[in-house]
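Notes to accompany the following structure.
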Amino acid sequence: MELLIKIALIIHIATGFTALLTGIIALLAKKGQKAHRIFGLIFFYCMLSVAVSAIFISVLKDNLFLLLIGIFSLYQNLSGYRAIKNKSLKPAFIDWIILLIGAVNSFFMIYSLNTILIVFGSINCFMVFNDIRIYRKTLKGFEVPKNQWLIKHLGMMIGTYIATFTAFLVVNIHNFEPNWVIWLLPTFIGTPLIAYWRRKLTTKKI
């Protein structure tokens with residue numbers, strides 16, 4: 001078992017570091033161009049590996065906190081990727097599965113009564129309800145903004161990057177009190193950025 005954990009940890013660290021680099025390149029590259037698509041795809045698969053390896057390690061080490069954080073990252077990463085593949089945002093079966101994963105995870109994060117998990121769980125809950133609102137509209141035939149898929153993609157992928165950047169800070173910054181500041185600082189900085197871009201894209205006519 002220890003060998004499996006070591007292998008998973010190596011994969012987790014290697015793909016996490018790669019995600020940090022490719023993620024920032026994808027964010028800075030002009031959207032829709034080749035560099036953004038290539039590095040964005042690498043970032044997606046690296047974060048998929050990061051989330052799955054975190055879940056795997058958490059199960060072997062019986063670490064509920066890591067399990068919930070891993071699923072939190074997985075939900076954002078998959079949801080952001082699906083926004084590109086399904087620009088109509090009319091939910092397919094896989095979209096309902098991803099939504100269910102996010103909803104169940106939100107409940108357990110908040111139910112844990114852990115301050116850090118409550119904050120992340122509340123954010124996750126907001127994203128789940130926003131997805132439900134959009135899915136209901138598309139299923140009823142109501143029009144949604146043409147760039148709604150882009151708003152969702154951008155928000156989810158930046159959220160995913162915040163998650164991996166947070167993990168980087170937590171692993172590399174020690175003996176900092178209070179500890180929750182390291183966990184929540186990237187979210188406090190990144191969330192207004194997401195809100196800004198959402199508002200900008202919402203008001204943009206395309």
Side-chain angles (χ1 to χ4, degrees), residues 1-29 34-85 94 97-98 100-102 104-106 108-109 112 114-117 119-121 123-124 127 153 155-190:
M1 182 178 293
E2 288 300 320
L3 179 59
L4 287 176
I5 292 175
K6 285 182 179 180
I7 294 173
L9 190 58
I10 291 172
I11 294 173
H12 184 80
I13 294 172
T15 52
F17 184 73
T18 305
L20 278 174
L21 296 178
T22 56
I24 196 65
I25 294 173
L27 284 171
L28 295 176
K34 188 175 181 180
H36 177 76
R37 294 197 302 270
I38 292 175
F39 286 102
L41 192 61
I42 295 172
F43 173 75
F44 166 74
Y45 282 112
C46 283
M47 282 307 303
L48 189 63
S49 174
V50 168
V52 171
S53 59
I55 294 170
F56 180 75
I57 293 169
S58 70
V59 172
L60 292 183
K61 300 187 73 171
D62 194 25
N63 188 325
L64 180 61
F65 184 93
L66 181 60
L67 175 64
L68 295 175
I69 292 294
I71 297 174
F72 174 63
S73 299
L74 180 65
Y75 165 67
Q76 291 187 88
N77 195 41
L78 291 176
S79 188
Y81 181 73
R82 279 294 298 167
I84 293 180
K85 294 299 181 179
I94 184 63
I97 295 297
I98 295 171
L100 180 62
I101 290 172
V104 172
N105 197 54
S106 295
F108 282 106
M109 291 179 92
S112 71
N114 177 289
T115 302
I116 295 169
L117 292 179
V119 173
F120 289 154
I123 294 171
N124 204 49
M127 293 187 292
H153 171 70
M156 288 296 187
M157 299 317 286
I158 292 178
T160 306
Y161 189 82
I162 290 172
T164 192
F165 188 73
T166 300
F168 174 78
L169 291 182
V170 170
V171 169
N172 290 281
I173 298 179
H174 306 283
N175 302 319
F176 186 94
E177 296 296 337
N179 179 259
W180 61 265
V181 172
I182 302 300
W183 275 98
L184 299 181
L185 184 61
T187 298
F188 289 152
I189 295 174

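Residues: numbered from 1 along the sequence shown. Values in this document were obtained by computation on a predicted structure and should not be read as measured data.
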Working to the nearest 0.5 Å, report the span between CD1 of Ile158 and CZ of Phe165.
14.0 Å
Student check: side-chain heavy atoms of Leu169 and Pro186 closer than 4.5 Å
yes
Interatomic distance, CG@Asp62 vs CD1@Ile57, rounded to 0.5 Å, equals 14.0 Å
At what distance, to the nearest 0.5 angstrom, does OG1 of Thr164 lie from CG of Leu20?
4.5 Å
At their closest point, which heavy atom of Thr18 faces which heavy atom of Cys46, and how far apart are they?
CG2-SG, 3.5 Å
In the structure I gave you, are the side-chain heavy atoms of Leu9 and Ile13 within less than 4.5 Å of one another anywhere?
yes
Roughly how far, to the nearest 0.5 Å, is CE of Met156 from CD1 of Ile84?
13.0 Å
Under 3.5 Å: donor-acceptor pair, side chain of Ser49, backbone of Tyr45
no
Quick one: closest heavy-atom pair of Ile98 and Leu78, and the distance?
CD1-CB, 3.8 Å
Stepwise side chain to side chain contact (heavy atoms under 4.5 Å, CB included) test for Leu41 and Arg37:
CA-CA 6 Å; Leu41 192 61; Arg37 294 197 302 270; over 6 Å; no
Does a side-chain heavy-atom distance below 4.5 Å link Thr15 with Leu48?
no
To the nearest 0.5 Å, atom CD1 of Ile5 lies from atom OG of Ser58 at 10.5 Å
So, for Ile116 and Asn114, which heavy atoms are closest and what is the spacing to 0.1 Å?
N-OD1, 3.0 Å
Decide yes or no for His36 and Ile25: does some side-chain heavy atom of the first lie under 4.5 Å from some side-chain heavy atom of the second?
no
Check: Gln76 main-chain N/O paired with Ser79 side-chain donor or acceptor under 3.5 Å
no
Out of curiosity, Leu184 CG to Ile189 CD1, how far, rounded to the nearest 0.5 Å?
11.0 Å
Could you tell me which residues satisfy ring-ring contact (aromatic ring centres under 6.0 Å, His included) with Phe120, sequence neighbours excluded, listed by chain and number?
Phe72
Any heavy-atom pair between the side chains of Tyr161 and Ile24 that's under 4.5 Å?
yes
Is the CZ atom of Phe65 crowded by more than 12 outside heavy atoms at less than 6.0 Å?
yes
Considering only heavy atoms from C-beta outward, does the side chain of Ile69 approach that of Leu117 to under 4.5 Å?
yes
Which residues satisfy the ring-ring contact (aromatic ring centres under 6.0 Å, His included) test with Phe44, sequence neighbours excluded?
Tyr81
Locate the shortest heavy-atom distance separating Ser53 from His12; write the atom from each residue and the value.
OG-ND1, 2.9 Å
Show the numbers, then the answer: is there a side chain to side chain contact (heavy atoms under 4.5 Å, CB included) between Ile7 and Ile10?
CA-CA 5 Å; Ile7 294 173; Ile10 291 172; 5.7 Å; no
Is there a side-chain contact between Leu67 and Leu64, using heavy atoms and a 4.5 Å cut-off?
yes
Heavy-atom nearest pair, Ala29 first then Ala35, reads CB-CB, 4.2 Å
For residues Phe43 and Ala19, report the shortest heavy-atom separation together with the two atoms involved.
CD1-O, 3.2 Å
